[in-house]
Amino acid sequence: MKRVLSGIQPSGPLHLGNYAAAIRQFIDMQADHEMYIFVASYHALTTVRDPKVLRDNVRQVVIDCLAFGIDPQRTNFYLQQDVPKVTELAWLLGCMCPKHLMDKATSFKDKLAKGLSASIGLYTYPILQAADILSVDPDVVPVGEDQRQHVEITRDLAEKFNAAYGPVFKIPDLKIREGSGLMPGVDGQKMSKSYGNAISPFLEEKALKKVIMKITTDSKGVDEAKDPETCTVFQIFRGLAGVNDPRTAELAERYRKGGMGYGVAKQALLELILNHFGPARKRRVELMNDPGYVEQVLRQGAAAANAKASDVTARARKAVGL
Ligand code: AQP
């Protein structure tokens, strides 16, 4: 059985982009893969400075993931902070990492452009991410398009390490869900937890409607024909429903024909979200009321991840001469 690893940052409530590109892949893969999914709490320190906010975000992301359908019977689900060996592994990998590999990371540049502070943690975050990945010897790393470069950096670093010290790390494959590009947020930029443009499917219905109605569109009138490909509402709808879903084709047709205002398309998106996430929204309320269960899930996941990380780190330490 192939082993899978991926992570999610607790930098804010999970959104439709996280779900459509990443979490849905994890749920599909649970049936026939050995799964390791973690909440990247060390990574979130690069953007979250308030301890209470960090704790709340971690708790919320854990509950959201379980509500979406990450099944602890099939997935080792854990917090990064409960597997401290990854920080040791990050140091060993960092000592092999040429500076130019970090200089070319586009996510760092994007975050600076958005006004985040250029901390060393943010700059070297792909090294810690490489350690997270390599710590469980996975075969496959499923991620969204924006994480492609980071997984490539992981492969690169592991290859450099192996070339210097022998075959310590397994080189994992990258997996991007077919047809899932980057999902735009309400302002048309990449939907992101920390950019204030995200749509969380767990918002109260009224608040959800308010966010959806804020999605930016052009000013075409009801009767005019519209291009779905350039419309953020349509792109979000397609990202969630799926490229080959008949509802996507039907909505595209209504755009092209004219006679449908953007308000109607937004209402269709609201209904799609409420339908798709109905069971998850119910499950989330149950999970919020069962902290004991959530803690036990995380403990069990961390035990499995620690066992793997200890083996891999011992291999790496021995190889470098420690
Ligand atoms: N807009 C998006 N479209 C498609 N996939 C996305 N992902 C994130 N945003 C989009 C994918 O979701 C997974 C979890 O992401 P992450 O939490 O590890 O970090 P991220 O990519 O940095 O996500 P955000 O929401 O943009 O968070 P912040 O604001 O903290 O940077 C990943 O597989 C990612 O590809």
Mind checking the [atom1]-[atom2] spacing from [X] to [Y]? Nearest 0.5 Å is all I need.
| X | Y | atom1 | atom2 | value |
| --- | --- | --- | --- | --- |
| E295 | D290 | CD | CG | 10.5 Å |
| R49 | S117 | CZ | OG | 4.5 Å |
| R247 | L272 | CZ | CG | 5.5 Å |
| I23 | S6 | CD1 | OG | 9.0 Å |
| L157 | L134 | CG | CG | 8.0 Å |
| L14 | N57 | CG | CG | 9.5 Å |

Are any non-hydrogen side-chain atoms of [X] and [Y] less than 4.5 angstrom apart?
| X | Y | value |
| --- | --- | --- |
| I153 | M102 | yes |
| D32 | M1 | no |
| L79 | V58 | yes |
| I133 | P172 | yes |
| C65 | F26 | no |
| L89 | V312 | yes |
| E250 | P246 | no |
| I27 | Q30 | yes |

Fill in: Between F277 and F68, ring centroids under 6.0 Å
yes
Please tell me whether [X] and [Y] have a donor and an acceptor in their side chains that are separated by less than 3.5 angstrom.
| X | Y | value |
| --- | --- | --- |
| D64 | Y19 | no |
| K175 | Q25 | yes |
| H150 | Q129 | yes |
| H15 | N18 | yes |
| D139 | H33 | no |

Under 3.5 Å, side chain of [X] to main-chain N/O of [Y], donor-acceptor pair present?
| X | Y | answer |
| --- | --- | --- |
| R281 | P201 | yes |
| Q147 | I176 | no |
| N162 | V168 | yes |
| R3 | P138 | no |
| E88 | T313 | no |
| Q235 | E229 | yes |
| K266 | I215 | yes |
| T75 | F77 | no |
| S192 | Y195 | no |
| T230 | D227 | yes |

Heavy-atom closest contact ([X] atom, [Y] atom, distance):
| X | Y | value |
| --- | --- | --- |
| M29 | P142 | SD-CG, 3.8 Å |
| G242 | T248 | O-OG1, 2.7 Å |
| R315 | F169 | NH2-CA, 4.4 Å |
| T232 | G188 | OG1-CA, 3.8 Å |
| H43 | D132 | NE2-OD2, 2.8 Å |
| L54 | S41 | CD1-O, 4.3 Å |

Spell out, yes or no, whether [X] and [Y] are grouped together once hydrophobic residues are joined by side-chain heavy atoms under 4.5 Å, including indirect joins.
| X | Y | value |
| --- | --- | --- |
| M35 | V294 | yes |
| I70 | Y36 | no |
| I199 | V61 | yes |
| V186 | F234 | yes |
| I236 | M213 | no |

Practice prompt. Check the pair Y78, Q80 against side chain to side chain donor-acceptor pair (under 3.5 Å), reporting the backbone distance first and the verdict last.
Written response: CA-CA 7 Å; Y78 57 98; Q80 185 184 31; over 6 Å; no
Can you establish whether the number of heavy atoms outside [X] located under 6.0 Å from its atom [atom1] is more than 12?
| X | atom1 | value |
| --- | --- | --- |
| K109 | NZ | yes |
| R254 | CZ | no |
| K209 | NZ | no |

Worksheet item: When you look at V264 and Q267, which way does the side chain to side chain contact (heavy atoms under 4.5 Å, CB included) test go after all the steps?
Response: CA-CA 5 Å; V264 174; Q267 185 63 33; 5.5 Å; no
Could you tell me whether [X] and [Y] make a salt bridge, using a distance below 4.0 angstrom between a side-chain N and a carboxylate O?
| X | Y | value |
| --- | --- | --- |
| R148 | E145 | yes |
| R59 | D56 | no |
| D110 | K114 | no |
| K99 | D103 | yes |
| R238 | D245 | no |

Discussion item. Could you walk me through whether S107 and Q149 satisfy the side chain to side chain contact (heavy atoms under 4.5 Å, CB included) test, starting with their C-alpha distance in whole Å, then the side-chain angles of each, then the deciding distance to 0.1 Å, before giving a yes or no?
Written reply: CA-CA 9 Å; S107 137; Q149 190 192 30; 5.6 Å; no
Fill in: side chain to side chain contact (heavy atoms under 4.5 Å, CB included) between L174 and V143, worked out
CA-CA 8 Å; L174 164 77; V143 285; 3.5 Å; yes
Practice prompt. Report yes or no: is the cationic atom of K226 (NZ for Lys, CZ for Arg) closer than 6.0 Å to the six-membered ring centre of Y262, at no more than 45° off its axis?
Written response: yes
Item to complete: Check step by step if salt bridge (Lys or Arg N to Asp or Glu O under 4.0 Å) holds for K308 and D137.
Response: CA-CA 8 Å; K308 286 271 180 293; D137 282 331; over 6 Å; no
Practice prompt. Check the pair I273 / L240 against side chain to side chain contact (heavy atoms under 4.5 Å, CB included), numbers first and verdict last.
Written response: CA-CA 8 Å; I273 294 172; L240 182 59; 3.8 Å; yes
